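Worksheet: one structure, shown below.
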Amino acid sequence: MMKRLAKITVLLGLLGSLAACTNDMGPGDVELSTKVYSKKKKTKKVKKVKKAKKGSKKGDQKLKLIKKYTGFSSPTAMAIDKENNLYVSNWGGDSVTKISSNGEKSKFVTGMSSPAGLAFDKSGNLYVSDYSANVILKVDKNGKKTTFANNLSTPTGISFDKAGNLLVTNRGSDEIVSIDPQGKKTIVSNKMQTPVGVVEDSQGNLFVTNYGGSVLKIDTNKQVSVFSKGFARPGVGIDITAKGEIIAADNGGDCVRRIAKDGSTEVIADKIGGCVGVRAHNDQLYVSSWSDGAVYVYSLN
């Protein structure tokens, strides 16, 4: 009887440790944790991804891989300036790496706490969502950083709207927040499901990737609706191509999906371990991989 009680005590301790591990996660670590702790859960995810792919009307058309950058520490988001320099947030390295148009790599800014989203304003300043510090940092062209906005709740993906306001996904409070150039905050919506990425289309509609499951649409009247359920688990990355196509990372499916107007999806890049971020620029698609510590570049043509 004493031996049985001892075994039960050990088992309860292990379950408690696992629960503690999964309660404090960032934008790309759930995929990694499920691979470590639950093979059964991973099998279920694969089935869900296959079901979504089957629902695609056009059939999956994969993009051509043309380039690969390596050596990052949990790369999360990407941004590209007017000179075609690439910037990558190193979630695990508390820094942003710059890759010049000729391929030279350097540290652009350091001293942050889990940098997540990246976005440039029209003047060429880079904005960084500092996830663990709950602030948005503004970094000038020389790499000097200042605090642009504070008192946020684990800000993750960010982007600018047409009016020049910064859109922020407040992951911890299930909100989309708009911040004007003077730093004034306005809650756009608080009806999200763990939001991690946001982008605005040409008509002023917002599309939000929710780590909790779906991609939501916020129309110009601030009405929220489910736009797509064809994801295993949407990631931080969501963007709109020059052709107006919505592209988003499927972190749970290790792939990138293109979303049709009816919400159905098509896999355009796969086998990307820990797929977190996407950025469409000109005729290329940039995709970040936590598992590989890499950024993959695909042709959109």
Side-chain angles (χ1 to χ4, degrees), residues 27 76-82 87 89 96 109 112 114-131 133-141 144-211 215-225 227 234-242 244-249 277-281:
T76 301
M78 295 145 291
I80 299 169
D81 65 17
K82 295 178 181 179
Y87 298 77
S89 59
V96 174
V109 60
M112 294 165 286
S114 308
L118 299 177
F120 276 103
D121 65 13
K122 294 180 180 179
S123 299
N125 298 299
L126 179 66
Y127 291 73
V128 185
S129 59
D130 195 327
Y131 183 95
N134 294 315
V135 301
I136 301 294
L137 300 174
K138 179 179 179 180
V139 187
D140 66 19
K141 295 180 181 179
K144 181 181 179 181
K145 64 179 184 290
T146 55
T147 299
F148 173 67
N150 53 23
N151 297 321
L152 295 164
S153 181
T154 53
T156 312
I158 59 176
S159 65
F160 278 96
D161 64 15
K162 296 189 298 295
N165 301 310
L166 184 67
L167 301 171
V168 181
T169 54
N170 250 355
R171 186 184 192 272
S173 57
D174 293 334
E175 299 171 330
I176 300 298
V177 177
S178 174
I179 309 177
D180 70 15
Q182 288 71 45
K184 180 181 178 181
K185 296 192 286 286
T186 302
I187 296 176
V188 177
S189 178
N190 57 4
K191 298 178 180 179
M192 304 293 102
Q193 303 162 350
T194 318
V196 289
V198 59
V199 68
E200 182 187 56
D201 70 7
S202 59
Q203 285 77 45
N205 302 300
L206 303 184
F207 295 88
V208 182
T209 49
N210 290 274
Y211 217 51
V215 175
L216 300 183
K217 177 181 179 180
I218 306 174
D219 66 20
T220 53
N221 295 317
K222 296 187 179 180
Q223 296 299 308
V224 180
S225 60
F227 181 62
V236 175
I238 183 168
D239 207 354
I240 299 178
T241 70
E245 300 171 321
I246 300 174
I247 293 176
V278 300
R279 175 68 63 187
H281 180 71

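On a predicted model such as this, the values are computed, not experimentally measured, just so you know.
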inquiry  = For Lys185, is the NZ atom crowded, meaning more than 12 foreign heavy atoms sit under 6.0 Å from it?
reply    = yes

request  = Measure the CD1-CD distance between Ile218 and Glu200 for me, rounded to the nearest 0.5 Å.
outcome  = 10.5 Å

task = Output the distance between atom NZ (Lys145) and atom CE (Met112), rounded to the nearest 0.5 Å.
result = 6.5 Å

inquiry  = I need the minimum non-hydrogen distance between Lys122 and Lys162, along with the two atoms involved.
reply    = NZ-O, 4.1 Å

ask   = When you measure from the side chain of Thr209 to the backbone N and O of Gly197, does any donor-acceptor pair fall under 3.5 Å?
value = yes

key: Polar side-chain atom of Lys138 near backbone of Ala149 as donor-acceptor pair, under 3.5 Å   = no

message = Quick check against the 3.5 Å criterion: does Asp239 have a side-chain atom that pairs as donor or acceptor with the backbone of Val278?
response = no

key: Test item: Thr220 and Asn205 side chains (from C-beta on) under 4.5 Å apart, heavy atoms   = yes

task = Would you indicate whether the side-chain heavy atoms of Leu152 and Val135 approach each other to under 4.5 Å?
result = no

query = What pair of heavy atoms forms the shortest contact from Leu118 to Tyr87, and how long is it?
reply = CD1-O, 3.5 Å

query = Between the main-chain N or O of Thr156 and the side-chain N or O of Ser129, is there a donor-acceptor pair closer than 3.5 Å?
reply = yes

inquiry  = So does Ala280 get a backbone contact from the side chain of Thr241, meaning a donor-acceptor N/O pair under 3.5 Å?
reply    = no

key: Side-chain heavy atoms of Pro195 within contact of Ile176, under 4.5 Å   = yes

ask   = Is any side-chain heavy atom of Pro155 closer than 4.5 Å to a side-chain heavy atom of Asn134?
value = yes

ask   = Should Asn165 and Pro181 count as side-chain neighbours, where that means a heavy-atom distance under 4.5 Å?
value = yes

task = Could you tell me whether a side-chain N or O of Ser123 sits under 3.5 Å from a main-chain N or O of Asn125, the two making a donor and an acceptor?
result = no

message = Quick check: do Tyr131 and Arg171 have side-chain heavy atoms less than 4.5 Å from each other?
response = yes

query = Quick one: do the Asn170 and Glu175 side chains pair a donor with an acceptor below 3.5 Å?
reply = yes

ask   = In Å, rounded to the nearest 0.5 Å, how long is the span from CG of Asn210 to OG1 of Thr169?
value = 9.5 Å

task = Might you confirm whether atom NZ of Lys184 has over 12 heavy atoms from other residues, nucleotides or ligands at distances under 6.0 Å?
result = no

request  = Report the C-alpha distance between Val128 and Ile136 in whole Å, list the side-chain angles of each, state the deciding distance to 0.1 Å, and finish with yes or no for side chain to side chain contact (heavy atoms under 4.5 Å, CB included).
outcome  = CA-CA 6 Å; Val128 185; Ile136 301 294; over 6 Å; no

request  = Could you grab the distance from atom CD1 of Ile246 to atom CZ of Phe207, nearest 0.5 Å is fine?
outcome  = 3.5 Å

task = Check the pair Asp174 / Thr194 against side chain to side chain contact (heavy atoms under 4.5 Å, CB included), numbers first and verdict last.
result = CA-CA 5 Å; Asp174 293 334; Thr194 318; 4.1 Å; yes

query = Between Ala119 and Ser159, which heavy-atom pair has the shortest distance, and what is it?
reply = CB-CA, 4.1 Å

Heavy-atom donor-acceptor pair, Asn221 side chain to Gln223 backbone, under 3.5 Å = no

ask   = Could you give the distance from CG (Leu166) to CD1 (Ile158), rounded to the nearest 0.5 Å?
value = 5.0 Å

request  = Scan Ile80, Leu126, Val139 and name whichever one has a side chain to side chain contact (heavy atoms under 4.5 Å, CB included) with Phe120.
outcome  = Leu126

task = Give a yes or no answer on whether the side chain of Ser89 reaches the backbone of Ala77 with a donor-acceptor pair at less than 3.5 Å.
result = yes

Ile238 side, atom CD1; Ile247 side, atom CD1 - distance, nearest 0.5 Å = 10.0 Å

